[in-house]
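Please read the structure below before turning to the comments.
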2 protein chains.
Amino acid sequence: MTIVDSADELGRRDRKKLETRAALERAALTLVAERGLAGVTVEDIAEAVDVSSRTFFNYFPSKEDALIGRNQFTAAELREKLEAVPPEVPVLEALRRMARAEAEHVQEQQEQWLLRLKVFEQNPSLLPRLVASGTETERAVTEAVARRAGVEPGTTGYPELVTAAGLAAFRVAMMRWSAAGARRPLAGLVDEAFAQLAAGLPNP
Amino acid sequence: MTIVDSADELGRRDRKKLETRAALERAALTLVAERGLAGVTVEDIAEAVDVSSRTFFNYFPSKEDALIGRNQFTAAELREKLEAVPPEVPVLEALRRMARAEAEHVQEQQEQWLLRLKVFEQNPSLLPRLVASGTETERAVTEAVARRAGVEPGTTGYPELVTAAGLAAFRVAMMRWSAAGARRPLAGLVDEAFAQLAAGLPNP
DNA sequence: TGAAACATTGCAGATTATGAAAAATCCCCC
DNA sequence: GGGGGATTTTTCATAATCTGCAATGTTTCA
């Protein structure tokens, strides 16, 4: 019936799934922003989207995961961005470029991200999850870094350290960006953080 | 009845509390090491110590917290160690000394820590918690760092970044230490990680 | 169109977590 | 030593999270 069935090549089923997922994320974020993490139950979120709470759990394993969202820095996405950087570029610089690419992605969805970060600030128990949204992501990046540096993972600790530091830099940039109400471009804040890392974190 | 009532100056009540807490931690660690995180319920842990599961929750807000333990790097402890370093020492170096002090503390309880780290490796969902065992700790260190650096927190991002990087260095050292079966002294691994940070994380 | 594939739902049940009040234990002081 | 007050532990009740399973619709594709 529709003239243009879809911009994507997805079928109706998959489109509906994406829609439901996005609606659940959105509902979770707005409700928790209003009432706080403890003031919102999974049932509330499911009801706001008009699905059963069982369906909620088909999409997310927990309330927290709905807040973090899936559009999140996935392992594959980050690794891909990292591997797109020419191999002769030093690791830290490569991580900076990866972070900048992610930053653009974040800025494309300003509103949602600002809401998310606000929720995270107001509910600190969620923060550790943001760090790398699960260890899986960090491990994937660590592996890519190890390959790039030509080091066996788990021997020198270098890949683990530089990855952790790089992700921390990205996180700090995000928090500053949020705190400043997105008045400064995220990319610039990312650059600053990485510059401090590269300089060996001297006293300011 | 007892000739020497106690080596500590604690009363029987407080001694029992400490004992119960330690027993719960120990039981949680050993059980989870055997059966995995999902294979152990709070009731199992409580039963192993012969207390009611309600009592478990009087000591720990969640199963995970029992694994992390309370003897953990507390906010106060870390801040104290950090403030013990003369103020003219640069921030990163001060964090290194703090980490070394903690390292000694960890090595005093090798067995328990190795078991803990093994559990954390086998149950990665716990890892983010180890980073700073809650954001509270990290924030406390960040504040101390900000004071030391003479910077307003939340403006430059420097305290946040150097704290995150320093704690990451400590964490990486711990993981390497554990992976090597504690054959290398933790303090040396801490030094290595901080040296890499101070050098700006150059490719190895 | 018809059958296979998949999404959603309701329900039962295990587990986690918290509050309130009763029961047991400990501590301090007489 | 022994009792009164404080504290801890337990019991009981209850809410919320989360997981299988089977039934019921949709969507897809041949």
Side-chain angles (χ1 to χ4, degrees), chain A residues 1-2 5-6 8-25 27-28 31-32 34-68 70 123-126 128-129 134, chain B residues 1-2 4-25 27-29 31-32 34-68 70 119 123 125-126 129 134:
Chain A
M1 290 313 152
T2 49
D5 197 70
S6 158
D8 299 317
E9 67 264 23
L10 293 171
R12 184 194 319 287
R13 178 136 72 203
D14 292 298
R15 255 177 294 133
K16 280 200 168 183
K17 268 186 85 167
L18 288 183
E19 208 173 295
T20 302
R21 179 183 291 279
L24 284 172
E25 286 182 18
L31 285 176
V32 172
E34 282 169 14
R35 306 188 216 155
L37 186 59
V40 179
T41 69
V42 168
E43 204 169 355
D44 294 336
I45 300 169
E47 224 153 70
V49 182
D50 200 30
V51 294
S52 75
S53 47
R54 186 63 184 85
T55 295
F56 175 92
F57 285 111
N58 286 338
Y59 281 93
F60 302 102
S62 76
K63 193 165 59 176
E64 287 77 12
D65 288 287
L67 295 168
I68 290 172
R70 140 125 359 147
N123 305 86
S125 69
L126 292 170
R129 298 228 192 192
Chain B
M1 291 310 157
T2 49
V4 174
D5 196 71
S6 160
D8 298 317
E9 68 266 19
L10 294 171
R12 185 197 316 287
R13 178 134 72 201
D14 291 300
R15 253 177 295 134
K16 282 204 165 182
K17 269 186 86 167
L18 287 183
E19 209 174 294
T20 302
R21 178 183 292 278
L24 285 172
E25 286 182 19
L29 280 174
L31 286 177
V32 171
E34 282 169 14
R35 306 188 215 155
L37 186 60
V40 178
T41 68
V42 168
E43 203 170 357
D44 293 337
I45 300 169
E47 223 153 71
V49 182
D50 199 29
V51 293
S52 74
S53 48
R54 186 63 182 86
T55 294
F56 175 93
F57 285 110
N58 286 337
Y59 282 94
F60 303 102
S62 77
K63 192 165 61 175
E64 287 78 12
D65 288 289
L67 295 169
I68 292 173
R70 142 133 348 156
V119 165
N123 307 86
S125 69
L126 293 170
R129 298 225 191 194

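This one's a predicted model, so the numbers in the text were calculated from it and none came from an experiment. Below, chain A is the first sequence line, B the second, and so on; all start at residue 1.
Inter-axis angle, ends of the helix from C/dT1-D/dA30 to C/dC30-D/dG1, five pairs per end, rounded to 10 degrees: 20°.
Although no hydrogens or angles enter the test, the distance criterion places no donor-acceptor pair under 3.5 Å between the side chain of B/K63 and the main chain of B/I45.
Taking atom CD on B/E19 and atom P on D/dT8, their separation rounds to 15 Å, with Å as the unit. Atom-to-atom, CZ of B/R15 to P of D/dT8 comes out at 15 Å; the value is rounded to the nearest Å. One atom, CG of B/L37, and another, P of D/dT19, lie 13 Å apart when rounded to the nearest Å. Rounded to an integer number of Å, the gap from B/L24 CG to D/dT8 P is 15 Å. Summarising the geometry, the separation between CD on B/E64 and C1' on C/dT16 is reported as 10 Å, rounded to the nearest angstrom. The interatomic distance linking A/F60 (CZ) with D/dA16 (P) rounds to 21 Å, in whole Å.
In this structure, the side-chain contact (heavy atoms from CB on, under 4.5 Å) partners of B/A48, at least two apart in sequence or on a different chain, are B/A27, B/L31. Listed by chain and number, the residues in a side chain to side chain donor-acceptor pair (under 3.5 Å) with B/S53 amount to none (sequence neighbours excluded). By the ring-ring contact (aromatic ring centres under 6.0 Å, His included) test, B/F56 is found to be paired with B/F60, residues two or more places apart in sequence or in another chain being considered. In this structure, the salt bridge (Lys or Arg N to Asp or Glu O under 4.0 Å) partners of A/R35, at least two apart in sequence or on a different chain, are A/D44.
Judged as a salt bridge (charged side-chain N to carboxylate O under 4.0 Å, His left out), not a single pair has a partner in residues 47-62 of chain B (not counting sequence neighbours).
Side chains of A/L24 and A/V51 form a contact here, defined as non-hydrogen atoms less than 4.5 Å apart.
Side-chain atoms of A/S62 lie closest to D/dC18 of the nucleotides D/dC18, C/dA17, C/dT15. Candidate nucleotides D/dA16, D/dT19, C/dT15 were compared by shortest atom distance to the side chain of A/F57, and D/dT19 ranks first.
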Using a cutoff of under 3.5 Å, can you pull out all pairs of nitrogen or oxygen atoms linking the protein to nucleotides 7-9 of chain C, with atom names and distances?
| residue | atom | partner | partner atom | Å |
| --- | --- | --- | --- | --- |
| C/dA7 | OP1 | A/K17 | NZ | 2.8 |
| C/dT8 | OP1 | A/Y59 | OH | 3.2 |
| C/dT8 | OP2 | A/Y59 | OH | 3.0 |
| C/dT9 | OP2 | A/S52 | N | 3.1 |
| C/dT9 | OP2 | A/S52 | OG | 3.2 |
| C/dT9 | OP2 | A/T55 | OG1 | 2.0 |

